[in-house]
Chemist: 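Here's a structure for you.
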Amino acid sequence: MENFKLILFEQMLNCCHNFYFWEYTENMQLISSTCNEPEALNQCFQICFSPESVAEDLFSVETPIIVGSPMQMLWISIPYHPEHRRIYVLGPFFVGDVTDKNLDLILVRKGLSKTLRNKILSVFQNLPVISWNLMINYTIMMFNCITNNCISQKDIRFFNQIASDIPINTLKKGNYTIHGTYQAE
């Protein structure tokens with residue numbers, strides 16, 4: 001049975017942002033995606049959120065997980081398991097701006113091929129930049145659409161790989177391209 005609340009939520013978010021929605025099995029096998037070129041972004045998500053790294057925690061508590069990557073991309077993931085264990089994902093997106101040069105450096109360090117890196121970088125150009133507050137609100141709303149339960153901000157879990165391969169100079173203001181929400185501010 002289709003989840004009409006989730007479908008409406010997807011449509012409403014896509015009125016404002018270029019978000020992608022994903023559905024995975026508990027073993028991180030991709031079931032569906034709204035991304036028209038899912039290979040590159042799926043691989044990024046798989047690198048950051050492998051089932052082995054979170055296996056014991058993933059379905060133990062049915063609350064959302066914000067997944068962060070060393071590339072400063074974020075995903076909202078909702079593990080859900082009444083009948084079939086599934087992971088519903090919204091993203092990726094950024095909550096800050098990063099340059100193509102720094103992203104490419106991180107992808108090189110991850111061992112990705114030049115072809116895949118170029119695909120990923122071309123897709124990055126269209127990813128939304130949203131505020132931290134919007135991310136939290138979208139997480140709470142998405143969780144409600146999937147589970148019919150209400151949660152608060154304190155119920156959200158975070159999973160982030162150690163960002164040891166982010167170049168230290170990414171913290172300098174000159175390496176950011178200001179756009180999206182932050183340009184308005």
Chemist: Would Asp104 and Leu121 satisfy side chain to side chain contact (heavy atoms under 4.5 Å, CB included), going step by step from the backbone distance to the final call?
Modeler: CA-CA 7 Å; Asp104 190 48; Leu121 289 173; 3.6 Å; yes
Chemist: Tell me the closest heavy-atom pair linking Pro79 and Pro64, and the distance in Å.
Modeler: CD-CA, 4.5 Å
Chemist: Just wondering, do Phe21 and Tyr88 contact through their side chains at under 4.5 Å, heavy atoms?
Modeler: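 A side-chain contact is absent here, since even the closest heavy-atom pair is not under 4.5 Å.
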Chemist: Are the side chain of Thr63 and the backbone N or O of Ile156 linked by a donor-acceptor pair below 3.5 Å?
Modeler: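 Between the backbone of Ile156 and the side chain of Thr63 there is no qualifying donor-acceptor contact (under 3.5 Å).
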Chemist: Any heavy-atom pair between the side chains of Ser152 and Ile140 that's under 4.5 Å?
Modeler: no
Chemist: Can you tell whether the side chains of Glu23 and Arg86 come within less than 4.0 Å, N to carboxylate O?
Modeler: yes
Chemist: Just one of Leu74, Thr139, Leu13 clears the side-chain contact (heavy atoms from CB on, under 4.5 Å) bar with Leu90, so which one?
Modeler: Leu13
Chemist: List in chain and number order the residues that pass side chain to side chain donor-acceptor pair (under 3.5 Å) with Asn42, two or more places apart in sequence or in another chain; answer none if no residue qualifies.
Modeler: Tyr24, Gln46
Chemist: When you compare the side chain of Ile76 with that of Ile66, does any pair of heavy atoms fall below 4.5 Å?
Modeler: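 Heavy-atom side-chain distance check passes, below 4.5 Å.
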Chemist: Under the 4.5 Å side-chain heavy-atom rule for ILVMFWY, direct or indirect, which residues accompany Met12?
Modeler: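 Members besides Met12, by chain and number: Leu8.
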Chemist: Return each pair, listed once, that meets salt bridge (Lys or Arg N to Asp or Glu O under 4.0 Å) where at least one residue sits in residues 65-82; pairs must be two or more places apart or across chains.
Modeler: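 Salt bridge (Lys or Arg N to Asp or Glu O under 4.0 Å) check on residues 65-82 returns no pairs.
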Chemist: Can you find a heavy atom in the side chain of Ile130 that is under 4.5 Å from one in the side chain of His17?
Modeler: yes
Chemist: With sequence neighbours left out, write down each residue that passes side chain to side chain donor-acceptor pair (under 3.5 Å) with Asn148, or none if nothing qualifies.
Modeler: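 In terms of side chain to side chain donor-acceptor pair (under 3.5 Å), with neighbours along the sequence ignored, Asn148 is linked to Lys5.
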Chemist: Check whether any side-chain heavy atom of Val129 lies under 4.5 Å from a side-chain heavy atom of Phe93, and answer yes or no.
Modeler: no
Chemist: Which heavy-atom pair separates Asn3 from Cys145 by the least distance, and what is that distance?
Modeler: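 So the two residues come closest at ND2-O, 2.8 Å.
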Chemist: Enter the distance from Arg157:CZ to Ser77:OG here, rounded to the nearest 0.5 Å.
Modeler: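 Reported to 0.5 Å precision, the distance equals 8.0 Å.
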Chemist: Are Asn18 and Leu127 packed together at the side-chain level, in the sense that at least one heavy-atom pair is separated by less than 4.5 angstrom?
Modeler: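 No, too far: nothing below the 4.5 Å cut-off.
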Chemist: Quick check: closest heavy atoms across Trp22 and Gly91, and the distance to 0.1 Å?
Modeler: NE1-O, 2.8 Å
Chemist: Is the shortest heavy-atom distance from the side chain of Ser131 to the side chain of Val95 under 4.5 Å?
Modeler: no
Chemist: Roughly how far, to the nearest 0.5 Å, is OG of Ser113 from CG of Asn118?
Modeler: 8.5 Å
Chemist: With rounding to the nearest 0.5 Å, note down the distance linking OH in Tyr138 to SG in Cys16.
Modeler: 5.5 Å
Chemist: According to ring-ring contact (aromatic ring centres under 6.0 Å, His included), who are the partners of Phe9, at least two apart in sequence or on a separate chain?
Modeler: none
Chemist: When rounded to the nearest 0.5 angstrom, what is the spacing between CZ in Arg85 and OH in Tyr80?
Modeler: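 It comes to 13.5 Å.
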Chemist: Would you check, one step at a time, whether the test side chain to side chain contact (heavy atoms under 4.5 Å, CB included) holds for Trp75 with Ser69?
Modeler: CA-CA 9 Å; Trp75 290 269; Ser69 78; 4.0 Å; yes
Chemist: Can you say whether the rings of Trp132 and Phe158 are parallel (under 30°), tilted (30 to 60°) or perpendicular (over 60°)?
Modeler: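 Parallel: the ring planes of Trp132 and Phe158 meet at under 30°.
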Chemist: Would you say the side chain of Ile87 lies within less than 4.5 Å of the side chain of Ile78, judging by non-hydrogen atoms?
Modeler: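 Result no, sub-4.5 Å side-chain heavy-atom pair not found.
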Chemist: Using modelled atom types and a 3.5 Å cut-off, is there a donor and acceptor pairing between side-chain atoms of Arg117 and backbone atoms of Leu112?
Modeler: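 Flag set: sc Arg117 to bb Leu112 pair under 3.5 Å.
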Chemist: For Thr34 versus Phe19, what's the shortest heavy-atom pair and its separation?
Modeler: OG1-O, 4.1 Å
Chemist: Before giving the answer on side chain to side chain contact (heavy atoms under 4.5 Å, CB included), spell out for Asn137 and Met141 the whole-Å C-alpha distance, their side-chain angles and the decisive distance to 0.1 Å.
Modeler: CA-CA 6 Å; Asn137 290 341; Met141 287 186 276; 4.2 Å; yes
Chemist: Show which residues join Val108 in its hydrophobic cluster (side-chain heavy-atom contacts under 4.5 Å, direct or indirect), or state none.
Modeler: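 Direct or chained contacts put Val108 with none.
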